[in-house]
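All figures in this text were calculated on a predicted structure; none of them were measured in a lab. Below, chain A is the first sequence line, B the second, and so on; all start at residue 1.
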There are 2 protein chains.
Amino acid sequence: MNFDIAMERLKSEGFKRTPSREAILRLLEREDRYLSAGDVRKALADEHPKMSQDTVYRNLSSFSEMKILEETELGGERKFRMHCDRHGHHHHFICMECGRTEELDVCPMEQVSRALPSFVIDDHKFEVYGQCPDCRTAG
Amino acid sequence: MNFDIAMERLKSEGFKRTPSREAILRLLEREDRYLSAGDVRKALADEHPKMSQDTVYRNLSSFSEMKILEETELGGERKFRMHCDRHGHHHHFICMECGRTEELDVCPMEQVSRALPSFVIDDHKFEVYGQCPDCRTAG
DNA sequence: GAGTAAATCGTAGTCATTCCGAATTGGAAA
DNA sequence: TTTCCAATTCGGAATGACTACGATTTACTC
Ligand SMILES: [Mn+2]
Ligand SMILES: [Mn+2]
Ligand SMILES: [Zn+2]
Ligand SMILES: [Zn+2]
């Protein structure tokens, strides 16, 4: 997903276009990796020094709820990245140094559904953690 | 893993046998599901009303490090359960109402490793969330 | 039973996140 | 364009999980 589509989505759902929202979404589009609320505040400190933490958290949560962002919980923190909708359902490798992701097309949920016929399955999480090639050569 | 094996493990690694540790491990053996530090404190409130939160957190962390417990992060909280070592590597369905788990033998990591030859893979997480049959009929 | 390092207690501190009332503002309506 | 108001933001306080730490107690060794 890119900035323009995200702003359209906001407008179509009745949200206002504010400088805070533009800055947050532009940042996440540019970075293309998982960022925490703190990361966002730091990255916007120069451009928007008085954006309050409430604004950052509230908007990240809203964007996540409306699927503009995707969210995970890592190291005791909520992290967000632009929702990627290029393929269908998929999962991610996540670099623990830089936060960049790599798409994984494998998902074992069909087998799981068959193996647990009497369970209600609401959600699932599959993530692979490590070091991406860039960070490996840089290290 | 059961209580006796856990206590042996503690002894062999030079840890002392204390009433706090016994109570925490007995609870986790009995419950056989994911509990937070707060859950543990509440469950032991009658039997050990003055066990401090420091003691609970420190021991849960120690037990997790030495693989007596397994740990996950769920809803912004660390959760712990007895380490299950019946089969080899596996993952869990987790009931979001009662915390009970069901074993899943599927794991797609072989395919992932093949698909990411230039990445360093340190860890992975695969969890399925929902409602177990007991909670479904009870609800 | 005495000595000692480990463990616990009580409490204060940290950090991410949420809450809240007051002030501001985007955008619809006049 | 100006008015208006619900939505949004701000600033700061509150929350809740978790950690740190000095003082006290305790499990094990001798
Ligand atoms: Mn993706
Ligand atoms: Mn298991
Ligand atoms: Zn999947
Ligand atoms: Zn696995």
Side-chain angles (χ1 to χ4, degrees), chain A residues 3 6-27 34-66 68-69 71-81 99, chain B residues 3 6-27 34-66 68-69 71-81 99:
Chain A
F3 175 84
M7 292 309 297
E8 277 175 36
R9 178 85 54 84
L10 285 178
K11 181 166 201 174
S12 76
E13 298 201 26
F15 288 81
K16 293 180 178 176
R17 181 172 187 129
T18 70
S20 296
R21 286 173 175 160
E22 288 190 14
I24 292 170
L25 289 173
R26 283 218 152 88
L27 172 69
Y34 276 110
L35 298 180
S36 67
D39 294 334
V40 171
R41 290 200 78 195
K42 279 184 214 107
L44 300 179
D46 292 334
E47 197 186 354
H48 296 270
K50 53 188 154 35
M51 189 185 299
S52 78
Q53 55 184 344
D54 179 271
T55 298
V56 175
Y57 280 106
R58 180 171 25 77
N59 282 319
L60 289 175
S61 289
S62 302
F63 298 163
S64 178
E65 270 178 41
M66 70 180 76
I68 288 175
L69 302 181
E71 181 177 353
T72 191
E73 199 176 334
L74 219 45
E77 271 187 325
R78 295 170 73 188
K79 305 223 174 188
F80 304 85
R81 52 159 293 148
Chain B
F3 175 84
M7 292 310 296
E8 277 175 35
R9 178 85 56 81
L10 285 179
K11 182 168 202 176
S12 76
E13 298 200 27
F15 289 81
K16 294 181 177 173
R17 179 174 188 128
T18 71
S20 295
R21 285 173 175 159
E22 289 190 14
I24 292 171
L25 289 173
R26 284 219 152 88
L27 172 69
Y34 276 110
L35 297 180
S36 67
D39 293 335
V40 171
R41 291 201 79 195
K42 280 183 213 109
L44 299 179
D46 291 334
E47 196 186 353
H48 296 270
K50 36 188 51 166
M51 187 186 299
S52 79
Q53 56 183 341
D54 180 272
T55 297
V56 175
Y57 279 107
R58 178 171 26 77
N59 283 318
L60 288 175
S61 289
S62 302
F63 299 162
S64 178
E65 269 178 42
M66 69 180 77
I68 289 175
L69 302 182
E71 179 177 353
T72 191
E73 200 176 332
L74 218 47
E77 271 187 324
R78 295 169 74 188
K79 306 226 173 186
F80 304 85
R81 53 158 294 149

- Message: For a quick test of reading the model, state the closest non-hydrogen atom pair linking A:Val56 to A:Met51 and the distance between them.
- Response: CG2-SD, 3.7 Å
- B:Arg78 side chain near D:dG16 phosphate (N/O to OP1/OP2, under 4.0 Å): no
- Message: Heavy atoms within less than 4.0 Å of DNA chain D: which residues of residues 9-19 of chain B have one? Give them sorted by number.
- Response: B:Lys16, B:Arg17, B:Pro19
- Item | Rounded distance in Å - CD (B:Glu77) to C1' (C:dC15) | 16 Å
- Query: In whole Å, what is the span from the CG atom of A:Leu74 to the C1' atom of C:dC15?
  - Reply: 17 Å
- Tell me, which pairs form a salt bridge (charged side-chain N to carboxylate O under 4.0 Å, His left out) where one or both residues lie in residues 12-21 of chain B, sequence neighbours left out? B:Arg17-B:Glu22
- Integer-rounded Å distance: C:dT17 P and A:Asp39 CG: 10 Å
- Query: Can you tell me how far P of C:dA16 sits from CG of A:Leu35, to the nearest Å?
  - Reply: 14 Å
- Message: Please report the distance, rounded to the nearest Å, between CG in A:Leu25 and C1' in D:dT8.
- Response: 15 Å
- Item | Note, B:Thr18 side chain near B:Thr55 side chain (heavy atom, < 4.5 Å) | no
- Message: Return whichever of A:Ser52 or B:Tyr57 has its heavy-atom-nearest nucleotide of DNA chain D closer to the 5' end.
- Response: A:Ser52
- Student check: side-chain heavy atoms of A:Arg78 and A:Ser61 closer than 4.5 Å: yes
- Any side-chain donor near an acceptor of the partner, A:Ser62 and A:Asn59, under 3.5 Å: no
- Query: Quick one: A:Gln53 CD to D:dA13 P, roughly how many Å, whole number?
  - Reply: 12 Å
- At under 4.0 Å between heavy atoms, what does B:Arg58 touch on the DNA or RNA strands: base, sugar-phosphate, or nothing? base
- Here the gap from B:Asp39 atom CG to B:Lys79 atom NZ, rounded to the nearest 0.5 Å, amounts to 5.5 Å
- If we only count heavy atoms from C-beta on, is the A:Leu74 to A:Tyr34 side-chain gap below 4.5 Å? no
- Message: Between D:dA20 and B:Asp54, counting only base atoms on the nucleotide and side-chain atoms on the residue, is there a donor-acceptor pair under 3.5 Å?
- Response: yes
- Figure out the CZ/C1' separation between A:Arg41 and D:dG12, and round it to whole Å. 12 Å
- Protein-nucleotide distance (B:Met51, atom CE; D:dT26, atom P), rounded to Å: 14 Å
- First encountered from the 5' end of DNA chain D, between A:Ser20 and B:Ala37: A:Ser20
